[in-house]
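A quick write-up on the structure given underneath.
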Amino acid sequence: MDEFSLISELIAPTTGARTDVILGIGDDGALVRPPPGEALVLVLDTLVEAVHFPRGFPPEDIGFRTAASNLSDLAAMGATPLWATLGLTLPQADAAWVRAFMVGLHAALAPHQVQLIGGDTTRGPLCLSLQLTGSVPEAQALKRSGARPGDRLFVSGTLGDAAAGLTSLSTPEPAPPEVAYLRGRFARPTARVTLGQALRGTASSCIDISDGLLADLGHILERSGCGAELRVDHLPLSPALSRMTDPAQVLAYALAGGDDYELCFTLPAATSPLAVEALRRHCPVTEIGLITAQAGELALRDAAGPVSPPAARGYRHFP
Ligand code: ADP
Ligand code: MG
């Protein structure tokens, strides 16, 4: 199968359809109509075999994860997802692999009515690059820079599952149900898109957790010129993670594991209980601490007092 039939037979027929797309796949570029009065938000994420997922990982899951990690960036900006372009680098034109990849990609994109409008297909080591465009009213875009001392600190969902799931890929089959759950959290993360939109005009800052809570919260603190006090005994943990390993390891996964794709955000102290409750219509949301005035200081504590951080501070490509 050559690259042209790959595109026309396997990719183009599965793109979805939006009325704001004037010209999709098939020309040198795509033509779109931006939503009037809104700012566009552009994000891109790349997944490389043996770096972001192990060799032989199921193509459907790779497709889903590629889309979910990008959707998560849009969620963290409070944006509505609109269009996608896809950079596909494949060792060979394996039709079954591409078909399965597209199924996973669309399983993640379709619920948000994202249309695939273009891309590029080349030969090389397996690498998937997705670029998403979304939109948001300019004044309501969520940024990392707006946290202020006294703001309350929150996360969505549960932390540490994906990192534990990834580690467990090397344990023998058959996997017990907890391990299967954790692997699912790695393979098919849930981007918190509707929560991100609900945080418009409410949150003072927001980031998605891709490298681990400590690392990503650190970015909010740096950009906002603040510190934080984090209650490690309030971190939301799944029953599966708590059952699978000892408390110290659980804490390390939750604080520094990465791949969670949950949102970490701050709300001004004056936010009404009703507004916090409204966020819970989208997904679980847990209060985990407080923003402080000590710039750059991230203090961990539990009910008994200070807790020392785990040795690893989150994933870095160039340590
Ligand atoms: P060009 O040579 O002008 O770059 P291509 O032959 O690479 O054009 O692509 C033809 C059409 O197919 C373009 O509209 C391009 O956006 C689309 N396309 C190519 N690869 C992909 C892909 N992996 N996903 C989605 N669209 C693609
Ligand atoms: Mg061209």
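Start at 1 and go down the list; that is how both ligands and their atoms are numbered.
- Atoms of ligand 1 lying under 4.0 Å from at least one heavy atom of D27, given by number and element, are 13 (C), 14 (O).
- The main-chain N or O of A163 is found under 3.5 Å from a side-chain atom of T167 such that the two form a donor-acceptor pair.
- In terms of N/O distances under 3.5 Å, ligand 1 is approached by G26.
- One option in G24, G119, G29 has a heavy atom closer to atom 16 (O) of ligand 1 than any other, and that option is G119.
- At a heavy-atom cutoff of 4.0 Å, ligand 1 is contacted by both the backbone and the side chain of L86.
- A 4.5 Å side-chain heavy-atom check between L213 and I288 finds at least one atom pair inside the cut-off.
- If you number the atoms of ligand 1 from 1 as listed, the ones under 4.0 Å from a heavy atom of I11 come out as 22 (C), 23 (N), 24 (N), 25 (C).
- Counting only distance, with no hydrogens or angles, the side chain of Q115 and the backbone of R18 share a donor-acceptor pair below 3.5 Å.
- Close approach of ligand 1 to L88 (heavy-atom distance below 4.0 Å) involves ligand atoms 23 (N).
- For R65 and F57, the positive end is not near the middle of the six-membered ring at less than 6.0 Å and at most 45° from its axis.
- Between the side chain of R200 and the backbone N or O of L142 there is no donor-acceptor pair closer than 3.5 Å.
- Here is the list of ligand 1 atoms found below 4.0 Å of a heavy atom in F4: 6 (O).
- One side chain, R183 or S168, offers a donor N or O that lies under 3.5 Å from an acceptor on the other.
- Those atoms of ligand 1 with a heavy atom of I25 less than 4.0 angstrom away are 12 (O), 14 (O), 17 (C), 25 (C), 26 (N).
- Taking a cut-off of under 4.0 Å to the non-hydrogen atoms of I7, the atoms of ligand 1 that pass are 12 (O), 19 (C), 20 (N).
- Using a 4.0 Å cut-off between charged side-chain N and carboxylate O, D61 and R188 make a salt bridge.
- Contacts with ligand 1 closer than 4.0 Å are made by heavy atoms of both the backbone and the side chain of T121.
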